[in-house]
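See below for the structure under consideration.
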There are 2 protein chains.
Amino acid sequence: MIKDSIKEKIASGMWEFRKPIPSEAELCRIFDVSPGTVKRALQELVNEGYLYRRQGIGSFVARPNFENSLYRFFRYDVGKDKSRPVPRSKVLISEVIEAPEDVCKHLMIEKGSLVVHIRRVRLFDEIPLVYEDLYLPHELFEGMEKKDISEKLLYPIYEQEFKVLVVSADEYLNAATANEEQAQYLGIGECSPLIEITRIARTFGEEPVEYRRSFGRGDRFRYHVRIR
Amino acid sequence: MIKDSIKEKIASGMWEFRKPIPSEAELCRIFDVSPGTVKRALQELVNEGYLYRRQGIGSFVARPNFENSLYRFFRYDVGKDKSRPVPRSKVLISEVIEAPEDVCKHLMIEKGSLVVHIRRVRLFDEIPLVYEDLYLPHELFEGMEKKDISEKLLYPIYEQEFKVLVVSADEYLNAATANEEQAQYLGIGECSPLIEITRIARTFGEEPVEYRRSFGRGDRFRYHVRIR
DNA sequence: CAGTGGTCTAGACCACAAG
DNA sequence: TTGTGGTCTAGACCACTGG
């Protein structure tokens, strides 16, 4: 199955993001298969989100867009212009601590390891929508706790300053109700509905590099499933 | 695009469920295209959930499995045997009423039309997990309010007794908190987290035939998204 | 056995982008 | 104009199913 060979090369980071992978004709030669087979394999990888292709230009390794994740989950229809500004953050905690047990488990690190812990509130158009805790392995993110992240997205920082590229993630949604602190920071009543989103973000080889628990305002949350 | 022609025949109900559609070779003749094209079209329809195929037997029109929907959303890991019994229902209300405004909108019926309204609690292994309201156009479901549905699934009843076949649906998830009645029936505290699932179920031609608002216990809810 | 789908061959022809 | 992907051709060969 040449599809799996291609997928491995993508997963291993052998082909760079935003640069074209070998053309169909070259892949035919490389793997010694017919054009139809290469076309089919590439199309399937597009469907699975690993590639995107542009007629006349080439095929490229796709990157997951995590900001879309938030926008997928939350109705963010305040204001009608389509521009999506970087959400601001209000940092409540930024520290290095010994990892709690559940964090160790999800990040697959030794008990007692150090992690960077960040707690923040994310504001969209100045409206607080999400309260979240993040945990990063200290080994990979030494110094992260000193960065100013109030106006920035995290994943570009991971990539540029710590050479950690997030390529996939698992998210789990739960229902919850706001505790006192969450209610206060999100400007809602205690016991208001919240959506809890737990994310384990991974780099190449499925290695977990971030564990995140986000609590979003339930009145702004919406998720759509088409059954068919 | 022969794929769209095939999709239309499926959506129109021209080919029956569980009976094979014409074979690849026949489709080649019918549409006057080459085998490869037919194979590709059929494979894409499988990916989109319209068909399933069995080597050596044929290609069949798929039906959405709605029970899977609930089981997808709720952790139902009480007991370890994999058998999934039909959930029991405790019917609280079963009546014919004038449709409230939002129901008219979602069912796309005239203001003032009659609908069958059913309110019930669904029990899984005797544990109440879901509290829900259903609205059905009275025109299509005359007499539905008199049926005993406590031990049965609804969609087979729609199909067998009312000749209404549900073929697709849209579901919207929201976070909510339990009101007094919901809390009582679900055996949880008031203000406990709930997941609200709004479903619009459709028959052929996208015609809405059921509007349903379900409230599931938040502590049993879980949804998983893989980002990539 | 005949008939089905599953995978692959070895291209042709077109639309589109960049130089 | 050259090179790219998008769609389709016209099958071959195999594995599997049912009678």
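Protein chains get the first letters and strands the later ones, always in sequence-line order, with residue 1 at the start of each. What you see below is based on every heavy atom in this structure, not just the backbone, and it leaves out hydrogens, waters and symmetry mates.
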Between [X] and [Y] (salt bridge meaning N to carboxylate O under 4.0 Å), is one present in this structure?
{"X": "R63(B)", "Y": "E159(B)", "result": "yes"}
{"X": "R88(A)", "Y": "E151(A)", "result": "yes"}
{"X": "R53(B)", "Y": "E24(B)", "result": "yes"}

Worksheet item: Which parts of residues 2-17 of chain B get close to DNA chain C, meaning a heavy atom less than 4.0 angstrom away?
Response: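 Within this stretch, nothing sits under 4.0 Å of the strand.
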Heavy atoms, side chains only, cut-off 4.5 Å: are [X] and [Y] in contact?
{"X": "V46(B)", "Y": "L42(B)", "result": "no"}
{"X": "K147(A)", "Y": "V116(A)", "result": "no"}
{"X": "I195(B)", "Y": "F73(B)", "result": "no"}
{"X": "R199(A)", "Y": "E210(A)", "result": "yes"}
{"X": "E206(B)", "Y": "S168(B)", "result": "yes"}

Discussion item. On the side chain of K39(A), is there an atom forming a donor-acceptor pair with the base of dG5(D) - under 3.5 Å, no angle test?
Written reply: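 No such pair is found, so the answer is no.
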Practice prompt. Flag the pair Y223(A) / Y223(B) as yes when their ring centroid distance falls below 6.0 Å, and as no otherwise.
Written response: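 Here the rings of Y223(B) and Y223(A) have centres that are less than 6.0 Å from each other.
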Quickly work out the [X] [atom1] to [N] [atom2] distance and round it to whole Å.
{"X": "E24(A)", "N": "dC8(D)", "atom1": "CD", "atom2": "P", "result": "15 Å"}
{"X": "I57(B)", "N": "dT4(C)", "atom1": "CD1", "atom2": "C1'", "result": "9 Å"}
{"X": "R29(A)", "N": "dT9(C)", "atom1": "CZ", "atom2": "C1'", "result": "17 Å"}
{"X": "F31(B)", "N": "dT9(D)", "atom1": "CZ", "atom2": "P", "result": "13 Å"}
{"X": "L27(A)", "N": "dT4(D)", "atom1": "CG", "atom2": "C1'", "result": "12 Å"}
{"X": "D32(A)", "N": "dT9(C)", "atom1": "CG", "atom2": "C1'", "result": "12 Å"}
{"X": "F60(B)", "N": "dG5(C)", "atom1": "CZ", "atom2": "P", "result": "8 Å"}
{"X": "R40(B)", "N": "dA10(D)", "atom1": "CZ", "atom2": "P", "result": "13 Å"}

Fill in: Residue-level proximity of residues 44-55 of chain A to DNA chain D when a heavy atom falls under 4.0 Å
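Going residue by residue through residues 44-55 of chain A, the ones with a heavy atom under 4.0 Å of DNA chain D turn out to be R53(A), R54(A), Q55(A).
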Discussion item. Judged by each residue's nearest nucleotide on DNA chain C, which is more toward the 5′ side, I21(B) or V33(A)?
Written reply: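 Residue closer to the 5' terminus by nearest nucleotide: I21(B).
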Item to complete: With DNA chain C as reference, determine whether L42(B) or G36(B) sits nearer its 5' end, using the nearest nucleotide of each.
Response: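 Taking each residue's closest nucleotide, the earlier one in sequence belongs to L42(B).
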Worksheet item: Given dT9(D), is OP1 or OP2 found less than 4.0 Å from the side-chain N or O atoms of T37(B)?
Response: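 Checking T37(B) against dT9(D): at least one side-chain N or O falls below 4.0 Å of OP1 or OP2.
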Worksheet item: Counting only side-chain N and O atoms of S34(B), is one of them less than 4.0 Å from OP1 or OP2 of dC8(D)?
Response: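 False: S34(B) side-chain N/O out of range (4.0 Å or more) of dC8(D) OP1/OP2.
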Fill in: Residue S23(A), side-chain heavy atoms: nucleotide from dT4(D), dT17(D), dC8(D) that is nearest
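Side chain of S23(A) sits closest to dT4(D).
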